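Fair warning: this is a prediction, and the values are worked out from it, not measured in the lab. Count residues from 1 along the sequence.
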Amino acid sequence: MFKKSLPIILVLISSCYDRPVINTNYNFNEIKSINLSSIKDYKDLTGSGEMVQSSLDYNFLKYGFEVIDSNKNKFILINKNSKNMLTLSCIITEYTESESIVLPYRTEDRGYTKTIINQTSEDNEENENFEKLETSTTTHAGTLSQGSRIVYSQSRISLILSLTDNKSGRIVWSKSTWYSGLELQRTINMCLKDGVNELRKIIR
């Protein structure tokens, strides 16, 4: 029996964990606020920057930060009694939306032929022994099935987050992060969750 078909396509969910780069000479205990720069769309994909921006706000609120949107200036208040102000920028380096793909498939069973041979021994009237062979052949026809299946490709997001001191212009913290998943919005959320989680370790 012989069968052939297309291979099964597996969709995996994966992410990366890179340690952020930190300026160890900077005093993160004196941060007053962090301004949130607007995020540009990725390669003219309209709305991609806004989706990442909304997810960034969501993750900051989820971790208990106070996000303030005043006069088109969005910032996170850390400690009003401190003096240093930082700016958080986010650059989208990869933005791939998931999609469904219809793939044709074809499964073929070419069938088979089975032959059975029976050997018997008999005596004739002269008491002579002789062998007798009997054969039977069975043929099974093959089958052919074809159709289509829907395969979902992955969403993939890659971001670079950076903190810059407003007064000196020095970059004091930076992190690269990416995530792959099935649904775009969740992929963005999971990618930024990693970045915001690392950020709160130095400002809390």
Residue pair L163, L199: steps toward the side-chain contact (heavy atoms from CB on, under 4.5 Å) verdict:
CA-CA 9 Å; L163 276 179; L199 184 60; 3.2 Å; yes
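- With a 4.5 Å cut-off on side-chain heavy atoms, I78 and F65 count as touching.
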Audit row: T46, D41, side chain to side chain donor-acceptor pair (under 3.5 Å) steps and yes/no:
CA-CA 6 Å; T46 305; D41 288 339; 4.6 Å; no
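- Scanning all heavy atoms of the two residues, the minimum distance from R186 to E183 falls at N-OE1, 2.7 Å.
- Going from atom CD1 of I39 over to atom SG of C90 covers 4.0 Å, rounded to the nearest 0.5 Å.
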Please test S180 against W178 for side-chain contact (heavy atoms from CB on, under 4.5 Å), starting from the C-alpha separation and ending with a verdict.
CA-CA 7 Å; S180 293; W178 63 264; 3.7 Å; yes
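- A donor-acceptor contact shorter than 3.5 Å is absent between the side chain of Q154 and the backbone of R156.
- For the pair V67/F75, no side-chain contact is recorded, criterion being any heavy-atom separation below 4.5 Å from C-beta on.
- Using a 4.5 Å cut-off on side-chain heavy atoms (C-beta onward), Y63 and K193 make contact.
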Under the side-chain contact (heavy atoms from CB on, under 4.5 Å) criterion, do I76 and L88 qualify, and how do the steps go?
CA-CA 10 Å; I76 300 169; L88 177 66; 5.6 Å; no
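- To the nearest 0.5 Å, atoms OG (S38) and CD (E50) are separated by 11.5 Å.
- L192 is not listed as a side-chain neighbour of T177, based on a closest heavy-atom distance of 4.5 Å or more.
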Go through the steps for T87 and I34 under the test side-chain contact (heavy atoms from CB on, under 4.5 Å), then give the verdict.
CA-CA 5 Å; T87 295; I34 298 177; over 6 Å; no
Show me, pair by pair, the donor-acceptor contacts under 3.5 angstrom made by side chains of residues 21-30, not counting sequence neighbours?
unit_1	atom_1	unit_2	atom_2	d
N23	OD1	N25	N	3.0
Y26	OH	D165	OD1	2.7
N27	OD1	N29	N	3.0

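- The two residues L77 and K32 have their closest heavy-atom pair at CD1-O, 3.7 Å.
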For a salt bridge (Lys or Arg N to Asp or Glu O under 4.0 Å) check, start with the C-alpha distance between E198 and K201, then their side-chain angles and the critical distance, and finish with the verdict.
CA-CA 5 Å; E198 286 294 328; K201 293 178 183 180; 3.1 Å; yes
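- With N59 contributing its side chain and S55 its backbone, the two residues share a donor-acceptor pair below 3.5 Å.
- Checked by atom type and distance alone, the side chain of S48 pairs as donor or acceptor with a backbone atom of L45 at under 3.5 Å.
- Taking 4.5 Å as the limit, every side-chain heavy atom of L159 sits out of range of all side-chain heavy atoms of I188.
- Hydrophobic clustering (side-chain heavy atoms under 4.5 Å, transitive across Ile, Leu, Val, Met, Phe, Trp, Tyr) groups I203 together with W173.
- Note that CD1 of I92 is 9.5 Å distant from CD of Q53, once rounded to the nearest 0.5 Å.
- Partners of Y42 by ring pair (Phe, Tyr, Trp, His ring centres under 6.0 Å), not counting sequence neighbours: none found.
- For the side-chain contact (heavy atoms from CB on, under 4.5 Å) criterion with S33, the lone passing option out of E66, M85, K80 is M85.
- Using modelled atom types, one side-chain atom of S174 and one backbone atom of L161 make a donor-acceptor pair closer than 3.5 Å.
- For the atom pair CD1 (I31) and CG (N84), the distance works out to 7.5 Å, reported to the nearest 0.5 Å.
- In this structure, the side chain of T93 engages the main chain of S158 through a donor-acceptor pair within 3.5 Å.
- Between K43 atom NZ and Y95 atom OH the span is 14.0 Å, to the nearest 0.5 Å.
- No side-chain heavy atom of L86 sits under 4.5 Å from any side-chain heavy atom of T164.
- The closest side-chain heavy-atom distance from D69 to D57 is not below 4.5 Å.
- L184 places a side-chain heavy atom less than 4.5 Å from the side chain of I157.
- When hydrophobic clusters are built by joining Ile, Leu, Val, Met, Phe, Trp and Tyr residues whose side-chain heavy atoms come closer than 4.5 Å, directly or via intermediates, I202 is grouped together with L36.
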